[in-house]
Amino acid sequence: MKIPFIDLQAQYQAYKSEIDEAIQNVLNSSQYIMGPEVNKLEEGLAAYTGSKHAIACSSGTDALLIALMAIDIQPGDEVITTPFTFISSAEVVSLCGATPVFVDINEKTYNIDSTKIEEKITSKTKAIIPVSLYGQVSDMDEINAIARKYNLIVIEDAAQSFGATYKGNQSCNLSHFGATSFFPSKPLGCYGDGGALFTNNDEYAEKARIILAHGSKVRYQHELVGINGRIDALQASILNVKLKYFSQEIKKREQIGASYFELLKDKALSLPFIEKDRTSVFAQYTVRSVQREKVTEKLNLNGIPTSIHYPQPLHLQKCYMFLGYKEGDFPIAEKASKEVFSLPMSPFLKKEDLVFVCQNIS
Ligand SMILES: Cc1ncc(COP(=O)(O)O)c(C=O)c1O
């Protein structure tokens, strides 16, 4: 028995005829870059999130980078984020020549501890990138209030939380910018790389569109130094099919999250903690044990894959040694990185597989 960690094949089989047709239509049209599928995707994403502008782009990383470039982040600037995330959240800051400044996480949610942000603000701080880890949004009201007080820009790294809500509002539409990823394993995933940037600000949106097209609005006229940040029409066409079923999939994710909770609540594990005013899309169903090696070894031996998000916090990564952080600087993130592991999760996870996973945790 081998349970898929994320069952992308079952999802493809469920929508196969529509996805195959969408791909074939793009091939028949020969419109591979930009065009009607990308426009349709942007309209669908804006409608889903309620954000005025949805700008489809080449990846979640590029969505974050474009946002930082749109607000003109420069060498010498500082951007606050969490050390307990995928590398992109900080990498984009470094790509602008600026400095990522880390703040430890909340022990229950694994998101940035909003009570510890203010002490890290200096005259160089320009922005905050809270990461909606595992599919649950951070304390956005508190973070937006800090940003207003110090005149900072907030960019939600919503790579894992597209479809989640905060006080009834959609992730990606909770601050100056939201940036999400359509990497295949994400809650809304394509069959390659893709992402989107969201904003309600017309000026930022216009600048972001220029940046993602090599800094150009008029062909061969480059008013800014930009990037090649476009999404492929093929990926957009796949996302247009999947977006139709996305709300249904979110419900299934919530049901699976609830079933896991029911079957695991009496085990010696810390289960995901979802704040009352939020919903999670469970991009990962991540639990925690001081005996992680023992527990995951048994699961893996029985054909149940597990994964660790993330085994090393960013301040201890080799690429960030030059920032001068050391072990002990962010104890909550460091402890979490030694104890967390994620279980199989997808809207297509079969009930019997879920039960089997839980039976193998002792
Ligand atoms: C928290 C977070 N931020 C950013 C990204 C980057 O997204 P992409 O892989 O589409 O560049 C990811 C993807 O894994 C992520 O998990």
Side-chain angles (χ1 to χ4, degrees), residues 5-6 8 41 45 54-69 79-96 100 102-103 105-106 109-112 127-138 140 143 154-164 171-172 174-175 177-198 208 211-212 227-232 235-236 238-239 242 272 280-286 307-315 317 319-320 333 336-337 340 342 345-346:
F5 187 65
I6 297 177
L8 292 178
L41 175 64
L45 295 172
I55 301 157
C57 61
S58 40
S59 68
T61 308
D62 285 342
L64 290 168
L65 178 63
I66 291 166
L68 291 175
M69 291 171 79
V79 177
I80 290 176
T81 191
T82 150
F84 195 58
T85 175
F86 184 60
I87 186 72
S88 301
S89 320
E91 183 181 49
V92 289
V93 176
S94 305
L95 286 173
C96 292
F102 299 117
V103 168
I105 54 169
N106 174 308
T109 63
Y110 306 107
N111 281 331
I112 192 165
I128 308 172
I129 303 182
V131 179
S132 305
L133 204 73
Y134 306 148
Q136 175 175 217
V137 170
S138 304
M140 294 308 278
I143 294 168
V154 179
I155 303 165
E156 181 198 359
D157 181 342
Q160 301 182 10
S161 62
F162 187 77
S171 170
C172 295
L174 300 170
S175 52
F177 292 96
T180 198
S181 164
F182 302 130
F183 187 79
S185 59
K186 293 290 187 265
L188 180 64
C190 55
Y191 292 157
D193 279 305
L197 181 63
F198 298 83
I211 290 166
L212 77 73
I227 63 170
N228 177 355
R230 296 171 300 231
I231 193 170
D232 295 349
Q235 300 306 337
I238 293 160
L239 289 165
K242 289 202 192 181
S280 174
V281 287
F282 296 114
Q284 272 84 40
Y285 194 88
T286 305
S307 187
I308 297 174
H309 306 96
Y310 295 91
Q312 193 172 29
L314 299 191
H315 66 288
Q317 296 284 348
C319 68
Y320 281 134
S337 71
V340 296
S342 306
M345 177 77 205
S346 83

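When a ligand or atom number is given, it counts from 1 through the structure's own listing order.
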Show which atoms of ligand 1 fall inside a sub-4.0 Å distance from at least one heavy-atom site of [X].
X	result
Tyr310	16 (O)
Thr85	1 (C)
Gly60	7 (O), 8 (P), 10 (O), 11 (O)
Thr61	6 (C), 7 (O), 8 (P), 11 (O)
Val131	1 (C)
Ser59	10 (O), 11 (O)

Problem set entry | Tyr320 versus Ser94, side-chain donor and acceptor atoms under 3.5 Å | yes
Problem set entry | Residue and atom name of the nearest protein heavy atom (relative to atom 16 (O) of ligand 1), distance in Å to one decimal | Gln160 NE2, 2.9 Å
Problem set entry | atom 3 (N) of ligand 1: nearest protein contact (heavy atom, Å) | Asp157 OD2, 2.7 Å
Say you draw a straight line from [atom1] of [X] to [atom2] of [Y]; how long is it, rounded to the nearest 0.5 Å?
X	Y	atom1	atom2	value
Leu212	Ile227	CG	CD1	7.0 Å
Asp157	Cys172	CG	SG	9.5 Å
Asp232	Cys190	CG	SG	8.5 Å
Ile129	Ser138	CD1	OG	11.5 Å
Cys57	Arg230	SG	CZ	12.0 Å

Problem set entry | Option whose closest heavy atom lies nearest to atom 15 (C) of ligand 1, chosen from Gly189, Gly195, Ser185, Ala159 |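 Ranked by closest heavy atom to atom 15 (C) of ligand 1, first place is Ala159.
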Exercise. Where the closest heavy atom to atom 4 (C) of ligand 1 is concerned, which of Gly194, Ala179, Ser88 has it?
Worked result: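 Going through Gly194, Ala179, Ser88 one by one, Ser88 has the nearest heavy atom to atom 4 (C) of ligand 1.
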Problem set entry | Non-hydrogen atoms of Ser337 and Ile308 that approach each other most closely |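 Minimum heavy-atom contact is O-CG2, 4.4 Å.
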With a 4.0 Å cut-off on heavy atoms, does [X] reach ligand 1?
X	value
His309	no
Tyr134	no
Asp193	no

For this session: Would you confirm whether Gln317, through its side chain, and Gln312, through its main-chain N or O, come within 3.5 Å as a donor-acceptor pair?
Result: yes
For this session: Could you give me the CA-CA distance, side-chain angles and deciding distance for Val340 and Phe84, then say whether side-chain contact (heavy atoms from CB on, under 4.5 Å) is met?
Result: CA-CA 11 Å; Val340 296; Phe84 195 58; 4.0 Å; yes
For this session: Report yes if some N/O of Lys186 lies less than 3.5 Å from some N/O of ligand 1; otherwise report no.
Result: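 Yes: some nitrogen or oxygen of Lys186 is under 3.5 Å from one in ligand 1.
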